[in-house]
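Everything below concerns the one structure shown next.
Residue numbers run from 1 in the order of the sequence given. Values below: all heavy atoms of this structure, side chains included; hydrogens, waters and symmetry mates excluded.
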Amino acid sequence: MKNIDSLGDFFAEIGNILIQESGEIGDQIFIYREFESGVIGGVSFKEFDDHVEWLDTDSVDDYMLRFWESLPISDRWKAIRYSISGSKFQAELDYGEDWVDGEVMDDRVLRIEKARFGNRRIDYGELP
């Protein structure tokens with residue numbers, strides 16, 4: 001996984017869209033997305049001290065996929081982890097170097113949720 005300090009406009013716009021879609025931020029917003037040609041999937045959450053809430057972020061998905069597809073194939077990542085807290089964001093682009101053979105996105109999402117949120121309760125609300 002590589003930390004990227006460039007692509008600032010792209011990352012800033014993700015933050016703007018997330019803030020617009022979520023209203024108030026809570027303690028932090030975290031998203032994980034995987035990309036394939038024409039497809040994006042993953043999860044988004046608002047984080048609080050004692051729990052985590054699922055967040056619907058269709059607009060940011062559309063934006064990220066359009067941007068990703070505009071890149072040369074050699075520059076495309078397989079996944080992104082993005083968090084925003086206040087006016088600061090952190091982004092990590094994942095090129096799949098540490099992915100396990102036979103593992104699917106759902107497996108990686110569960111692993112990432114456990115590592116990020118620990119034992120905090122995750123409230124999925126009413127999924128679409």
**Message:** My understanding is that only one of Phe30, Phe117, Tyr82 makes a ring pair (Phe, Tyr, Trp, His ring centres under 6.0 Å) with Phe45; could you say which?
**Reply:** Phe117

**Message:** I'd like to know if Arg33 and Asp61 make a salt bridge, using a cut-off of under 4.0 Å between side-chain N and carboxylate O.
**Reply:** yes

**Asked** Charged N to carboxylate O below 4.0 Å: is that the case for Lys78 and Glu34?
**Response** no

Quick one: does [X]'s side chain get under 4.5 Å of [Y]'s, heavy atoms only?
X	Y	result
Val52	Asp123	no
Arg116	Glu47	yes
Lys46	Trp54	no
Met64	Ile40	yes

**Asked** What distance separates Ile14 CD1 from Ile29 CD1, expressed to the nearest 0.5 Å?
**Response** 12.0 Å

**Asked** Taking the six-membered ring for Trp, are the ring centroids of Tyr95 and Trp77 within less than 6.0 Å of each other?
**Response** no

Do you know which two heavy atoms are closest between [X] and [Y], and how far apart they sit?
X	Y	result
Val39	Leu65	O-CD1, 3.8 Å
Ile31	Ser44	CG2-OG, 3.1 Å
Ser59	Ile17	CB-CG2, 3.9 Å

**Asked** With sequence neighbours excluded, what pairs up with Tyr32 under the ring-ring contact (aromatic ring centres under 6.0 Å, His included) test?
**Response** none

**Asked** In terms of heavy-atom contacts, does CD of Glu36 have more than 12 from other residues, nucleotides or ligands at under 6.0 Å?
**Response** no

**Prompt:** Mind checking whether Phe35 and Trp68 have parallel, tilted or perpendicular rings, split at 30° and 60°?
**Reply:** parallel

**Prompt:** So, does Arg76 use its side chain to make a donor-acceptor pair with the main chain of Ser37 at under 3.5 Å?
**Reply:** no

